[in-house]
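What follows is a set of notes on a single structure, which appears directly below.
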Amino acid sequence: SVCAVCVSAAGAFADTTPGDAKSTSQEAATSQERASLLPDSPQELFARTVYYSARRGSNWLKSMQRPDGQFVYGWIPSLNRPMEGDNYLRQAGAAVGLARAACYTQDQSMGLAARQAILVLFTSYTAADPDNQQIRRPTVPPAQANPVGFAGLLLLAISELPQPSD
């Protein structure tokens, strides 16, 4: 898909002809503003398209985060309500996606939402190891989700944060 700004700017150029008698200094300034909206190269158009697509997708993911920090499991469109259930691996995967988007877009509110999701997963589904209190282990039952996969996704989510050391 093409950036909406680029499409509207390109459409605006189609309305004017080069030798038009209505050409004034104001129209020339508007023409220069329109030209600044167009990308300089196909690579710039691609980069802009990827960026805006990532923003839209990550904003949607952030909107699916509940106040308790977890993400909505699913949505039933015909009933216009959320699905019942939960999957810890998908929760951790959504946290990874949100953390990566926060790093890519440098959006602080998205970074806060990713930190909240990670913190909820970390405090709710891990416990201190009885032998070494500095180590935390997943408390997710193996029948519900792969504990090693959950720990790996949680670690990946933490490493994807813009400042993981904070």
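- A cation-pi contact, defined as under 6.0 Å to the ring centre and within 45° of the axis, links R136 to F122.
- Under a 3.5 Å cut-off, the side chain of T105 and the backbone N or O of R55 do not form any donor-acceptor pair.
- Expressed to the nearest 0.5 Å, how far CZ of R137 lies from CG of D129 amounts to 4.0 Å.
- There is no path of hydrophobic side-chain contacts, each under 4.5 Å, that joins F71 to V96.
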Test log, rule side-chain contact (heavy atoms from CB on, under 4.5 Å), inputs T126 and L154: CA-CA 10 Å; T126 63; L154 193 56; 4.1 Å; yes
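- Cluster membership for L79 and V72, using ILVMFWY side-chain heavy atoms within less than 4.5 angstrom, is not shared.
- Remark: S41 OG to F46 CZ distance equals 12.0 Å, nearest 0.5 Å.
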Between R90 and Y73, is a side-chain contact (heavy atoms from CB on, under 4.5 Å) present by the stated rule, with each step listed? CA-CA 8 Å; R90 290 184 182 173; Y73 178 66; 4.0 Å; yes
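- Residues L61 and L121 do not share a hydrophobic cluster, clusters being chains of Ile/Leu/Val/Met/Phe/Trp/Tyr side chains in contact below 4.5 Å.
- Scanning for side chain to side chain contact (heavy atoms under 4.5 Å, CB included) contacts around L89 gives N87, A145, N146, F150, L153, with sequence neighbours left out.
- With a 6.0 Å radius and a threshold of 12 heavy atoms from other residues, nucleotides or ligands, E84 has its CD atom at or below the threshold.
- In terms of heavy atoms, Y88 sits closest to Q144 at CE1-OE1, 3.0 Å.
- Taking hydrophobic clusters as Ile, Leu, Val, Met, Phe, Trp and Tyr residues chained together by side-chain heavy-atom distances below 4.5 Å, L156 shares a cluster with L161.
- Residue M64 is grouped with residue M110 when hydrophobic side chains (ILVMFWY) are merged at heavy-atom distances under 4.5 angstrom, including chains of intermediate members.
- The number of heavy atoms from other shown groups lying within 6.0 Å of CD (Q108) does not exceed 12.
- Atom-to-atom distance recorded for L98:CG and K62:NZ is 8.0 Å, nearest 0.5 angstrom.
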